[in-house]
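Let me begin by presenting the structure, written as structure tokens, before commenting on it.
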Amino acid sequence: MDIEDRIFSIIKSLNPPQQEATTVVNGPVQVIAGAGSGKTRVLTTRIAHLIYSGVEPSEILALTFTNKASKEMTARIGQILNYQAANRIWAGTFHSIFARILRYEAEYLNYPRDFTIYDQEDSNSLIKQIIKDLKLSIMDITPASIHGVISRVKNDMVFVDEYKNIASTSFEKVVAQVYEEYQNRLRENKAMDFDDLLLNTLVLFTQFPDVLKEYQDRFRYILVDEFQDTNRPQYRIIWNLAKAHSNLFVVGDDAQSIYRWRGAEIKNILNFLKDFPAAKQIRLEQNYRSTSTILNAANSLIVNNPNQIKKNLWTNNESGNKIDVIDADDDNTEASLIANKIMQLIKQDIKYSDIAILYRTNAQSLLLERSLRTYNVPYQIFGGLSFYQRKEIKDVIGYLRLLVNKNDSVSLLRVINEPPRGIGKTSLDHIMEYASKNRFSLFDAMSNSNEIQALQARAKITTKNFTETIHRYSEQLEDSTLEDVVPAFLEATGIFQMYKEIDTREMTERWQNIEQLVNDIILFGKDNPNQSISDYLQQISLLTDFDTKEFEGNKIAMMTLHTAKGLEFPVVFIAGMEKGLFPIIRSKNSKEEEEEERRLFYVGITRAEKRLFLTYAKRRARFGEYTYQSPSNFLYEIDINFLNWSDSRKKAPSFSQSPNDFYSKSAKPNFKPNTPKPNIYADKPHSDNYSQISDESTYKLGDIVMHSYFGEGKISAINGQGQSLKLTIDFKSVGRKQIMAAYAKLERFK
């Protein structure tokens, strides 16, 4: 079959809306792609059709949110056309494409082409050093929390000077100090963090119109996957690139917008037709994944969100089983019931790998894991430590970064004593002081260690040997292969010897991990002879969470609901369907958060193909004490006709609630006339879930509270009164803190 026959055979197999989305060539197009509606097939077929219609592959820019998605897209296009054409398309994640552009145009921003890309751990390490250097007193607020604020304001396109002007609280003023120094050090280190890859691309296009025009002329056709997940800088870059030709094709589903906490703005997809009035909107509403029962349940839930693009997913699939709603006396019993139900399914010839357990927070996995182990059920958790985040791998990557960017002080400080070289804290303080006084990079200061009077002779020799090793192998990179340089360089650093000589199981595993990494680098060099170690480092720096996950054999998949987006399983369990847990409690709740929590539940429901189980516990342990729980409001928003409640007393409940009552203790189930009200707790005393309504009553020992920064905690001591009232609180996340009650804005669990 020739290319023409192949393309038109695929197009003919599509449904009418898919065909329209695939074949329209010019102008802005918005495709609203419901869950399981075949959007990937539409994207890939459209690109193949564009190329067949005469568009040069290099004129096509396809932006995704995971490397896996872009690789799958390229592979499918290669199968339809040919792999040579497919590989000429600019397909990749936002960060990888923009990093590629920034490397080409680095000189405009006074950066070298081999700038380093810092991940979250690198950024946290740098901020920790800044806090120390500035001698900031911030109690026990972590570098991660400060970096979280900096990342958020960058996503809001708030630059340093503007943030300094708007910072009002003491915490914000500390963040402003750190933010300014953080950006200075990034530039000194010739590094960018993930947020800078977006902001600097926007700066490049805004301040240098000729550069923007070059890329506008290059990318005549732009396609964006998962458009609902774009943040403000991403949208502005897309808008700038597309405004010259208006050939912008975006695919997304507002009902699956669940990354507001990461900067995603749902208004980008909701307002697309306002920003591009000439745009054609196409809706993909036929679902090929789930049973009609599961799909109709999802529809009955999401209709409660007022801010959405109206759609009605439908399917020709069978109706299937009703959704089982299972209640348990407590969280331990809930985990046991799930494990027991899984064993029943296995006896029905369902494989472990067909099953996923989803939950709102990672903390829920502990009891679930324990029960699965009791039943000898094999499982795999997603969202744990990825290969590239392991200590030994980060150390090796730190060495390789220094080969291409000696200004990278974060990597230098990471590896300077891996293996131990005897360069202690005092020696490092002398070197950093010398670097600061002379405006040297840390590496240059170490290279001039003989000039540092306070440095001991042994430290001078050690630092000189270290920098000479880096210099020597850095020069070899230009004329040698990765296979020739990388193993020899790492051997010279001593890191190989350290892991090989210590004969323990842990060290053996770490050495095996290093071997695997080095092998991967060598294969990369052989497969990509025109690419450098910088290209390899960029590739692994830009891996998304999902790119590092691989399914391993016949095992249950366990993950948070956020992690599950984009996946599908024949059988899905969603655990912890309780008020305050899902929807999750926050210190400051809003209608936007309520809607996002509902969208997250919608995503969870639509991961299921054949069977769906929703579970909740009547009691859940907190700090060793049980608190009574209420079923999630979301359970009552699903049409009762699609649910099978495990308790016969809950045959026909419905839930009516205004958005203003979200999380309010005044919000109660409103049951239909002539139907029995479910007596969930029998005669057991209980309080009404978590209240978000503060009152004037005094705090009591043992109260469970929620703090905006530290999260959940238990009051262990109370001192003072009125405005001087001090609370000692044992927080789950950061341990014991003493805070002023008048300023903490605590929310109490009831």
Side-chain angles (χ1 to χ4, degrees), residues 294 297-298 300-301 304 322-342 356-368 370-372 558-561 564 571-585 594 597-598 600-605 607-608 611-622 625-640 642-655 657 662-663 665 667-669 671 677-682 684 686-690 704 712 749-750:
I294 291 172
S300 67
L301 169 81
N304 291 280
K322 285 189 174 184
I323 298 168
D324 289 294
V325 181
I326 302 173
D327 68 274
D329 287 337
D330 55 44
D331 44 4
N332 274 295
T333 306
E334 177 192 35
S336 295
L337 287 173
I338 290 174
N340 186 267
K341 177 60 71 173
I342 287 172
I357 303 175
L358 311 181
Y359 33 80
R360 181 61 182 84
T361 66
N362 278 306
Q364 292 172 253
S365 72
L366 178 61
L367 296 181
L368 293 165
R370 187 177 299 160
S371 286
L372 293 180
M558 295 178 61
M559 66 193 80
T560 65
L561 285 139
V571 181
V572 170
F573 289 82
I574 303 180
M577 292 300 307
E578 301 144 31
K579 291 182 187 176
L581 184 56
F582 194 22
I584 200 167
I585 190 171
E594 172 191 353
E597 290 285 296
R598 188 177 287 109
L600 185 59
F601 186 30
Y602 174 87
V603 166
I605 292 173
R607 298 313 93 195
R611 297 292 304 275
L612 177 62
F613 299 87
L614 308 175
T615 70
Y616 68 90
K618 297 174 184 177
R619 298 186 306 155
R620 190 167 292 273
R622 297 177 184 276
E625 299 177 3
Y626 276 103
T627 60
Y628 286 96
Q629 306 293 99
S630 298
S632 170
N633 301 348
F634 292 160
L635 290 176
Y636 297 100
E637 294 181 353
I638 298 175
D639 190 320
I640 189 64
F642 306 122
L643 300 178
N644 176 36
W645 289 75
S646 63
D647 190 329
S648 61
R649 292 169 294 179
K650 296 189 284 296
K651 284 293 183 184
S654 66
F655 191 79
Q657 176 189 25
F662 189 64
Y663 296 129
K665 72 176 182 179
K668 302 283 187 181
F671 296 93
K677 181 176 180 178
N679 184 8
I680 297 171
Y681 302 116
K684 296 177 182 179
H686 75 280
S687 60
D688 236 341
N689 204 47
Y690 310 128
I704 305 298
E712 183 182 320
F749 290 0
K750 294 294 186 183

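One-based numbering along the sequence shown.
Side chain of Arg607 to main chain of Val603: a donor-acceptor pair is present (N/O by atom type, distance under 3.5 Å, no hydrogens or angles). Side chain of Gln364 to main chain of Thr361: a donor-acceptor pair is present (N/O by atom type, distance under 3.5 Å, no hydrogens or angles). Remark: the backbone N or O of Ala339 is not paired with any side-chain donor or acceptor of Ser371 at under 3.5 angstrom. Glu637 places no side-chain N or O within 3.5 Å of a backbone atom of Asn633 that could act as its donor or acceptor partner. Remark: side-chain polar atoms of Ser300 are not paired, donor with acceptor, to backbone N or O of Ile638 under 3.5 angstrom.
Atom CD1 in Ile574 sits 5.5 Å away from atom CG in Leu614 (nearest 0.5 Å). For the atom pair CD1 (Ile605) and CD1 (Ile294), the distance works out to 9.0 Å, reported to the nearest 0.5 Å.
Contact detail for Asp330 and Ala617: the closest heavy-atom pair is C-CB, 3.5 Å. The two residues Phe634 and Met577 have their closest heavy-atom pair at CB-CE, 4.4 Å. Closest heavy-atom contact between Ala575 and Ile338: CB-CD1, 3.9 Å. Between Arg360 and Ile584, the shortest heavy-atom distance links the atoms NH2-CG2, 3.6 Å.
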Between Asp639 and Phe642, is the side chain to side chain contact (heavy atoms under 4.5 Å, CB included) condition met? List the steps. CA-CA 6 Å; Asp639 190 320; Phe642 306 122; 3.5 Å; yes
Please report the C-alpha distance between Asn362 and Thr560 in whole Å, then the side-chain angles of each, then the deciding distance to 0.1 Å, and finally whether the side chain to side chain contact (heavy atoms under 4.5 Å, CB included) criterion is met. CA-CA 6 Å; Asn362 278 306; Thr560 65; 3.4 Å; yes
CA sep, side-chain torsions, deciding dist, call: Lys618, Asp327, salt bridge (Lys or Arg N to Asp or Glu O under 4.0 Å): CA-CA 7 Å; Lys618 297 174 184 177; Asp327 68 274; 3.4 Å; yes
Stepwise side chain to side chain contact (heavy atoms under 4.5 Å, CB included) test for Leu561 and Phe601: CA-CA 8 Å; Leu561 285 139; Phe601 186 30; 5.7 Å; no
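The existence of a salt bridge linking Asp331 and Arg619 is excluded, since no basic side-chain nitrogen approaches an acidic carboxylate oxygen closer than 4.0 Å. The residues Arg620 and Glu334 are annotated as salt-bridged, a charged nitrogen and a carboxylate oxygen being separated by less than 4.0 angstrom.
Legend: residues meeting side-chain hydrogen bond (donor to acceptor under 3.5 Å, both in side chains) with Ser632, ordered by chain and number and at least two apart, are absent. Applying the side-chain contact (heavy atoms from CB on, under 4.5 Å) criterion to Asn340, with sequence neighbours excluded, gives Gln344, Tyr375. With sequence neighbours left out, Arg611 forms a salt bridge (charged side-chain N to carboxylate O under 4.0 Å, His left out) with Asp324. Annotation: ring pair (Phe, Tyr, Trp, His ring centres under 6.0 Å) contacts of Phe613 (sequence neighbours excluded): Phe573. Listed by chain and residue number, Ile326, Ala328, Thr333 satisfy the side-chain contact (heavy atoms from CB on, under 4.5 Å) test with Leu337 (two or more places apart in sequence, or in another chain). Among residues two or more places apart in sequence or in another chain, the ring pair (Phe, Tyr, Trp, His ring centres under 6.0 Å) test is passed with Tyr359 by none.
Side-chain atoms of Tyr602 and Leu600, non-hydrogen and from C-beta on, never get closer than 4.5 Å to each other. You'll find the side chain of Asn644 stays beyond 4.5 Å of the side chain of Val325, heavy atoms only. Leu372 has its side chain within reach of Ile357: a pair of non-hydrogen atoms, C-beta onward, lies under 4.5 Å apart.
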